[in-house]
Asker: 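Before we start, here is the structure in question, set down as structure tokens.
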Amino acid sequence: ATGAFGKWGLGNQGKDGAAERQGFDLFFGYYNQWHAHTYYTHLFRNSVKVELNGRYTHHAIFDETIKFIKASAGGPFFCYCPWTPPHAAYQIPDDDPAWAIYKDKPWKDKSAKVAAAMDSMMDRQVGEIIALLKKLKIDDNTIVFFTSDNGAAKRFDGIHNSCGKMTGRKRSMNEGGIRVPMVVRWPGKIKPGQISDLPWYFPDVMATLAELGGVSAEVPKDTDGISIVPTLLGKGEQKKHEFLFWSSGSHAVRMGKWKGIGKGGNIRLYDLSKDIGEKNDIAAQHPDIVKKINAIMEREWVEARKQVDDGKYTGKAPKPKTPKKKKPKNNRKKS
């Protein structure tokens, strides 16, 4: 059984890229990036529109997640939770217990309170899922991965310091934009409390899950992912990437301790083993490394495929509507 709950973003409802046409029995949530910019709207269940009538979308998504796990616990299942908090609008209901923790904090930036509450809400819900796995007596046979797709959208420096010592944030090619932690839990199989410095990135997900499921032979040979099962279980030899490559306007390459950022031969170079904040550009001192990184950038970059839209969403963020009524305090509820 396969279910996905949250934000899809790889094909709109009714189209070939929709989740239920890409191997998922059930999808519930947002199909489009821009649709996911608010927490007070409709959602979709396998391309059928679901009106929530003012209910907070993430609460509905979480409830569907729980229902799926309960319904699927009798056999093998894959539950994918691309949850959105915090994303785009900073909104949380007044009656969510997480809001009570932060509403009276003396922070000048009110959205920092909502962002913190959204994080605590999600933390609570992850705990509820772990508790459910135990109640269903499938805890020891279920592996849980928890990570983020990118760095914080807002750093909230002086309050949360979301990206710590790292430079940049979401959409940046600096470490603050692309370095995130991954937590993995599998009772009885993964020794708790371990910390690994093995560089891991999203192309590795498929290879890792395929090995865990015993279907590594099904993984296409032209993909870049490397299974990290040897690291997780502490058994066997762990293969490592020669380099990691990212692109979002500018390019970035991680090669061992070296990190290069730039485009068209104009590369900034950092030694991450000494400079996690990427403060000191040492490209001039290491032209041989810069040359290798530039060659990787030129070889690996390809034009991204455009997402085929159904016309409802244009690919551009819609202009926000000016509310006729006064906004609720902290912009936490639907206008």
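Keep in mind that this is a model prediction, so the values were computed, not measured. As a basis for the values below, the full set of heavy atoms in this structure was taken, side chains included, without hydrogen atoms, waters or symmetry mates.
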Asker: Are Val180 and Ile178 linked, directly or through other ILVMFWY residues, by side chains that come within less than 4.5 angstrom of each other?
Answerer: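 Shared cluster, no.
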Asker: Please find out if less than 6.0 Å separates the ring center of Phe24 from that of Trp8.
Answerer: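 Yes, they do, as the ring centres are separated by less than 6.0 Å.
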Asker: Which residue pairs satisfy the salt bridge (Lys or Arg N to Asp or Glu O under 4.0 Å) criterion with at least one member in residues 216-238, sequence neighbours excluded?
Answerer: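 Pairs touching residues 216-238 that pass the test: none.
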Asker: Return yes if a side-chain donor-acceptor contact under 3.5 Å exists between Gln125 and His58, otherwise no.
Answerer: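 Indeed, the side chains of Gln125 and His58 share at least one donor-acceptor pair under 3.5 Å.
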Asker: Between Ser47 and Gln13, do the side chains contain a donor N or O and an acceptor N or O under 3.5 Å apart?
Answerer: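 Judged by distance alone, the side chains do not pair up.
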Asker: In the hydrophobic clustering (ILVMFWY, side-chain contacts below 4.5 Å, transitive), which residues join Ile282, or is it alone?
Answerer: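 Members besides Ile282, by chain and number: Phe243, Phe245, Val253, Met255, Trp258, Ile267, Leu269, Ile289, Val290, Ile293, Ile296, Met297, Trp301.
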Asker: Looking at every non-hydrogen atom in both residues, tell me the closest pair between Glu51 and His42 and how far apart they are.
Answerer: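 Taking Glu51 first and His42 second, the nearest heavy atoms are OE1-CB, 3.8 Å.
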Asker: We want to know whether Tyr30 and Thr41 form a side-chain donor-acceptor pair, criterion being a heavy-atom distance below 3.5 angstrom.
Answerer: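 Per modelled atom types, Tyr30 and Thr41 side chains form no pair under 3.5 Å.
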Asker: Between Tyr102 and Ser120, does any side-chain donor sit less than 3.5 Å from a side-chain acceptor?
Answerer: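 The answer is yes; a qualifying pair exists.
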Asker: Using salt bridge (charged side-chain N to carboxylate O under 4.0 Å, His left out) as the criterion, list what pairs up with Lys263, not counting sequence neighbours.
Answerer: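 Partners of Lys263 by the salt bridge (charged side-chain N to carboxylate O under 4.0 Å, His left out) criterion come out as none, since no residue qualifies.
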Asker: Salt bridge (Lys or Arg N to Asp or Glu O under 4.0 Å): which pairs involve residues 244-262, sequence neighbours left out?
Answerer: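 Found Glu175-Lys259, Lys257-Asp271, Lys259-Glu278.
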Asker: Hydrophobic clustering (ILVMFWY, side-chain heavy atoms < 4.5 Å, transitive) - are Trp186 and Met182 grouped together?
Answerer: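 Yes, it is one cluster - the side chains of Met182 and Trp186 are joined through contacts under 4.5 Å.
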Asker: Check for me, please, whether Ile143 and Ile226 land in the same ILVMFWY cluster - side-chain distances under 4.5 Å, paths through other members count.
Answerer: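 They do not share one cluster, since no chain of ILVMFWY contacts under 4.5 Å joins Ile143 to Ile226.
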Asker: Linking I/L/V/M/F/W/Y whenever any side-chain heavy atoms sit under 4.5 Å apart, do Phe28 and Val126 land together?
Answerer: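 Yes: a chain of side-chain contacts under 4.5 Å links Phe28 to Val126.
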Asker: With sequence neighbours left out, what residues match His160 under ring pair (Phe, Tyr, Trp, His ring centres under 6.0 Å)?
Answerer: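 His160 satisfies ring pair (Phe, Tyr, Trp, His ring centres under 6.0 Å) with Trp107, Phe156 once adjacent residues are dropped.
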Asker: Would you please classify the geometry between the Tyr80 ring and the Phe78 ring as parallel, tilted or perpendicular, with 30° and 60° separating the classes?
Answerer: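 Parallel, since the angle between the ring planes stays under 30°.
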Asker: Do Phe5 and Phe68 pass the ring pair (Phe, Tyr, Trp, His ring centres under 6.0 Å) test, and can you show the C-alpha distance, the side-chain angles, and the key distance before you say yes or no?
Answerer: CA-CA 9 Å; Phe5 308 91; Phe68 173 79; 5.4 Å; yes
Asker: Ring pair (Phe, Tyr, Trp, His ring centres under 6.0 Å) with Tyr39: which residues, sequence neighbours excluded?
Answerer: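 Counting only residues at least two positions away or on another chain, Tyr39 forms a ring pair (Phe, Tyr, Trp, His ring centres under 6.0 Å) with Tyr56.
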